Chemist: 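What follows is a structure written as structure tokens; I'll ask about it next.
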Amino acid sequence: MNDDRRFETKEIHTGPDDDAHGALTTPIYATATYEYDTPSDLRGDHRYSRMSEPTRDDLEAAFADLEGGTDASAFASGMAAIDAVFSLLSSGDRVVAGKNLYAETHELLANVYSEYGVEVEHVDITDADAIADAVTSETTMVYFETPTNPMLRIADIEAAAAVADANDALLAVDNTFASPYLQRPLELGADIVIESLTKYLGGHSDVIAGAVATRDDADLAEEIAYYQYARGGIPSPFDAFLVLRGMKTLSARMERHCANARAVAEFLDGHEKVERVHYPGLESHPNHEVAARQMADFGGMMSFELAGGIEEASDFVSNLDVVALAESLGGVESLAEQPATMTHQDFSADELADAGIPVSLVRLSVGTEHEDDLLADVEQAIETAFE
């Protein structure tokens, strides 16, 4: 691939072009095993599909290319991808992680890797000085999301990368809320980028998958690939095919997501029944300048706090019509959820407070529907919630 090609061209034409029959799209190789010519001579490049298979190979090559990386491994889910990254850690290793994390990521660190002897310190990743103060020569990994889930906080990736590099620590960034169309952490100095392919890269709410990419570090890429192979958390050929198909329209969808989200955020920001909107595209967002510097646009995700409390928030999400009440994000359909009672329902009141998640918070994944229909739906749901 000519690296001078623009992203919109890469997303359509990236990946190997070696199908024996000249297929325009990557075929689904629905086979578990491959034939040998002799016991020591494979007929092709593959021998068993847990190790490698052509559809997944194409997905991994395409993901690495779009992220600005050199190597990638695909997984059965975003959490399997995150687990592979944490598998790099050993007992006694120290991790500096964001306070505001996806609930299951927080649980993996708190309830699984802590049992393996991994030490975790949570910091405010929007404060570069706080990261610098927390990271020492004893730190093995710095891990965060940006934008964060569900508070849409923004970390300065370049600043964090400089701190991690100075202390010989890895910087791993979950880029799911942005997608590689809007932000490429590897190009900003991160060592590892993780995405839930279920979300924007798949884009159609019909597949579960994840991926990890690295850049110019063959040993690190090989170690992650080993965990993929040894633990077996791989996507099926059909899932890999679905993500590859979704990736070809990423830029077009993201432009619509961003435009719709901006319109909804501006509407909510001026509404008397809304106390606060968390959207990095608003100039009032505390991390707006950092987001503007490292992101091509501000994404399709937002959250906001309704006046009143948890009951009004519940009434709002329950009365939406065009916007579906469901977990997940990044599909063409707009989705709403209430973190305190849905994605973060296992958090105690203290854990919610520590993560900065109000009980009145609503998270929106703004889809690609018509802007006017989305605004009308949000408006009527607010009015109904306060009747």
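Just so you know, these numbers come straight off a predicted model, no measurement behind them.
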Chemist: Could you go through E369 and S334, starting from their C-alpha distance and side-chain angles, then the distance that decides it, and tell me whether this counts as side chain to side chain donor-acceptor pair (under 3.5 Å)?
Modeler: CA-CA 8 Å; E369 301 94 343; S334 291; 2.7 Å; yes
Chemist: Aromatic contact between Y200 and H257, with the criterion being ring centroids under 6.0 Å apart: yes or no?
Modeler: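 Ring-ring flag for Y200/H257: true, centres closer than 6.0 Å.
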Chemist: To the nearest 0.5 Å, what is the distance between CD on E119 and CG on L89?
Modeler: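 Interatomic distance, E119 CD to L89 CG, rounded to 0.5 Å: 11.5 Å.
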Chemist: Just by distance, no angles: are the side chains of D174 and T176 close enough, under 3.5 Å, to form a donor-acceptor pair?
Modeler: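 Yes.
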Chemist: Do Y48 and Y34 pass the ring pair (Phe, Tyr, Trp, His ring centres under 6.0 Å) test, and can you show the C-alpha distance, the side-chain angles, and the key distance before you say yes or no?
Modeler: CA-CA 6 Å; Y48 190 64; Y34 302 82; 8.6 Å; no
Chemist: Is it true that R43 and E35 make a salt bridge, defined as a side-chain N closer than 4.0 Å to a carboxylate O?
Modeler: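 Salt bridge present between R43 and E35.
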Chemist: Between atom CD1 of I82 and atom OH of Y143, what is the distance when rounded to the nearest 0.5 Å?
Modeler: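 Between atom CD1 of I82 and atom OH of Y143 there are 3.5 Å.
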Chemist: Within a strict 4.5 Å, meaning less than it, do heavy atoms of the R56 and E53 side chains meet?
Modeler: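 Contact flag for R56/E53 side chains = yes.
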Chemist: Any chain of hydrophobic side-chain contacts (each under 4.5 Å) joining V317 to L329?
Modeler: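 In one cluster: no.
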Chemist: Give the C-alpha distance, both sets of side-chain angles, the deciding distance and a yes or no for ring pair (Phe, Tyr, Trp, His ring centres under 6.0 Å) between F304 and H271.
Modeler: CA-CA 11 Å; F304 64 97; H271 200 288; 9.4 Å; no
Chemist: List, by chain and number, the other hydrophobic cluster members for L42, where Ile, Leu, Val, Met, Phe, Trp and Tyr join if side-chain heavy atoms come within less than 4.5 Å, directly or indirectly.
Modeler: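 ILVMFWY cluster around L42 also holds Y36.
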Chemist: Does the side chain of E266 reach to within under 4.5 Å of the side chain of Y279, using non-hydrogen atoms?
Modeler: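 No. Closest side-chain heavy atoms not under 4.5 Å.
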Chemist: Salt bridge (Lys or Arg N to Asp or Glu O under 4.0 Å), that's the test. Do E67 and R184 meet it? Break it down for me.
Modeler: CA-CA 6 Å; E67 289 284 0; R184 288 180 289 282; over 6 Å; no
Chemist: Strictly by modelled atom types, are E11 and S251 linked by a side-chain donor-acceptor pair under 3.5 Å?
Modeler: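 Indeed, the side chains of E11 and S251 share at least one donor-acceptor pair under 3.5 Å.
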Chemist: Please test H106 against Y102 for ring pair (Phe, Tyr, Trp, His ring centres under 6.0 Å), starting from the C-alpha separation and ending with a verdict.
Modeler: CA-CA 6 Å; H106 182 277; Y102 178 51; over 10 Å; no
Chemist: Is I194 close to N175 at the side-chain level, that is, under 4.5 Å between some pair of heavy atoms?
Modeler: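 No. Closest side-chain heavy atoms not under 4.5 Å.
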